[in-house]
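Written out below as structure tokens is the structure these notes cover.
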2 protein chains.
Amino acid sequence: MEKKNPDTYFLSENNLPFEDFFHFGLSVDCIIFGYHQGSLRVLLIQRGAEPFKDSWAIPGDLVNPSEDLTSSASRVLKQLTGLTDIPVQQFHTFGSIDRHPVGRVITVGYYALVRSENHHPIASTWASNVKWFDVYDLPSLAFDHEEILTKAVETLRTKVRKEPVGFDLLPPKFTLLELQGMYEALLRERFDKPNFRKKILGADVLVPLDEVQKNVSHRPAKLFHFDKNRYESQKKQLFNF
Amino acid sequence: MEKKNPDTYFLSENNLPFEDFFHFGLSVDCIIFGYHQGSLRVLLIQRGAEPFKDSWAIPGDLVNPSEDLTSSASRVLKQLTGLTDIPVQQFHTFGSIDRHPVGRVITVGYYALVRSENHHPIASTWASNVKWFDVYDLPSLAFDHEEILTKAVETLRTKVRKEPVGFDLLPPKFTLLELQGMYEALLRERFDKPNFRKKILGADVLVPLDEVQKNVSHRPAKLFHFDKNRYESQKKQLFNF
DNA sequence: TCAAAAGTGTTCCGAATACACCCATGC
DNA sequence: GCATGGGTGTATTCGGAACACTTTTGA
């Protein structure tokens, strides 16, 4: 982008010269949520570089001056973990003065929900390791990443009660009890099975498949599929858990 | 803040030198909502400086490198409009590449709700004018401020349905119909009077006062006061409009 | 007396809750 | 058979929506 001469503009009452206002660093952090074996997971990297070398951290990096915030989040996620085609969602910006030891770095937080069995992250560039962690059983994290993660979980909880985003955590075909388990893990709340079924089926966004579970030592459950189109055409408030 | 030597850090795979990542501008924008005569208002300034000189805009300015984001929002608001002691709330960050003609400026959006009759804004520094506008009847705005305002209104609507923030728009003493009118203006929705009363009184957060309206040509309404302590001690979901 | 808004009560309906109970499969 | 989870039905409660009605004031 071509810059006009900034000195012709009167941008602030502050006595500092204009150029001093352009010394912020900007980064993005990507909180990737997954669901596996009944627990809510988050994808973390181990830092292979200072500062906080060897600490676990939320995948994130500095934004390139020529890229958009959202594209930057996707790019950074790909570079560090190899994950692609994951739509991310902004949730909060963190800008405490001392949050980064290198300088004044503001970070914009993004989150996403993925089917963890479809995505096989590989650590690259300065990430020395990538791993899924149980959200409720975390190591200590670099920078202010604990605060960031807490805020992300909070946002996710609010979101999932109003919109059918939870399906992104499950395989395309799932049983109703798997769905219920996912919601229970996410919201840390127990639901009544018959009532959960009624509510979710009453929402009319699930398509029953002609398929059942295999190799289970009990009555096999019917498989369902989430129909996004059906949801879009209704647009009611469906998920009031 | 003292900076360590950045060159000792390996912060990004990108080939650009480290210093190139510290050329972002950072600003804050403050969307101040008020309520007056049945309509939802927003406080705008007229720009007395380039770019977008003379355009109406959301009060905002560049962040000083040594200040916190939230403090910056309060400081900027005070400098441009004279308003003080207004707690602001972050809602979204806007960072399109071309959103600012001078360079790459990221802006963090804050909003607040005020009793407009208590606050008398005065334009200062580079704001040549300040004025309340009906949210649904706006002039065209500078930069991407229309987008920012839309997002702020959206956030406010979501918020007001879950938490009793709306009271910040009203005088300390109000009638139930005034309260209802405020919610109706904010949510652009009509409510049934008897049902509204029942719901709001049932929430048990209003204190009836021994006082009634004066000089009205009809039966004077009882005045109420919002009791924050009572709300805090309950912490239920109260406002499901 | 009338207009205008304040304020109350009652009915209806649908959604959420709390259960009790039956069904299919592997071992 | 029996353990295990899958799946259904029902009775009750609660909150919201609709609406008819009475009350109090100023003019």
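It should be emphasised that the depicted structure is a prediction, and the values quoted were computed from it without experimental measurement. So you know, we letter chains A, B, ... as the sequences are listed, proteins then strands, and number each from 1.
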Inset, instruction - Check each residue of residues 171-181 of chain B for a non-hydrogen atom within less than 4.0 Å of any atom in DNA chain C, then write out the ones that pass by number, or none. - result: B:Leu177

Inset, instruction - Go through the structure and list residues passing salt bridge (charged side-chain N to carboxylate O under 4.0 Å, His left out) with A:Lys198, not counting sequence neighbours. - result: none

Legend entry - Counterpart residues, salt bridge (charged side-chain N to carboxylate O under 4.0 Å, His left out), relative to A:Asp227 (two or more places apart): A:Arg230

Inset, instruction - Can you see which heavy atom on A:Trp132 is nearest to which on A:Phe33, and at what distance? - result: CZ3-C, 3.9 Å

Inset, instruction - Please determine if a side-chain N or O atom of A:Arg197 lies less than 4.0 Å away from the OP1 or OP2 oxygen of D:dT8. - result: yes

Extract all donor-acceptor atom pairs below 3.5 Å that involve side chains of residues 134-150 of chain A and protein atoms in other chains or at least two apart in sequence.
residue: A:Asp134; atom: OD1; partner: A:Tyr136; partner atom: N; Å: 2.7
residue: A:Tyr136; atom: OH; partner: A:Arg157; partner atom: NH2; Å: 2.9
residue: A:Tyr136; atom: OH; partner: A:Ala185; partner atom: O; Å: 3.3
residue: A:Asp144; atom: OD1; partner: A:Arg99; partner atom: NE; Å: 3.4
residue: A:Asp144; atom: OD1; partner: A:Arg99; partner atom: NH2; Å: 3.0
residue: A:Asp144; atom: OD2; partner: A:Arg99; partner atom: NE; Å: 2.8
residue: A:His145; atom: ND1; partner: A:Ile58; partner atom: N; Å: 3.0
residue: A:Glu146; atom: OE2; partner: A:Leu141; partner atom: N; Å: 2.7
residue: A:Thr150; atom: OG1; partner: A:Glu146; partner atom: O; Å: 2.8

What protein N or O atoms touch nucleotides 25-27 of chain D N or O atoms at under 3.5 angstrom, if any, and at what distances?
none

Legend entry - side chain to side chain contact (heavy atoms under 4.5 Å, CB included) evaluation trace for B:Arg41 with B:Phe133: CA-CA 5 Å; B:Arg41 311 283 173 105; B:Phe133 285 85; over 6 Å; no

Strictly under 3.5 Å: I want the nitrogen or oxygen pairs between protein and nucleotides 10-14 of chain D, one per line.
residue: D:dT10; atom: O4; partner: A:Lys198; partner atom: NZ; Å: 2.5

Inset, instruction - Scan B:Asp168, B:Leu113, B:Val114, B:Leu169 and name whichever one has a side chain to side chain contact (heavy atoms under 4.5 Å, CB included) with B:Tyr35. - result: B:Leu169

Legend entry - Qualifying residue, where the test is side chain to side chain contact (heavy atoms under 4.5 Å, CB included) with A:Leu77 and the options are A:Pro121, A:Cys30, A:Ser72: A:Cys30

Inset, instruction - Using a 4.0 Å heavy-atom cut-off across all strands, classify B:Lys193 as base, sugar-phosphate, or nothing. - result: base

Inset, instruction - Would you kindly say whether A:Trp126 and A:Asp61 are connected by a side-chain donor-acceptor distance under 3.5 Å? - result: yes

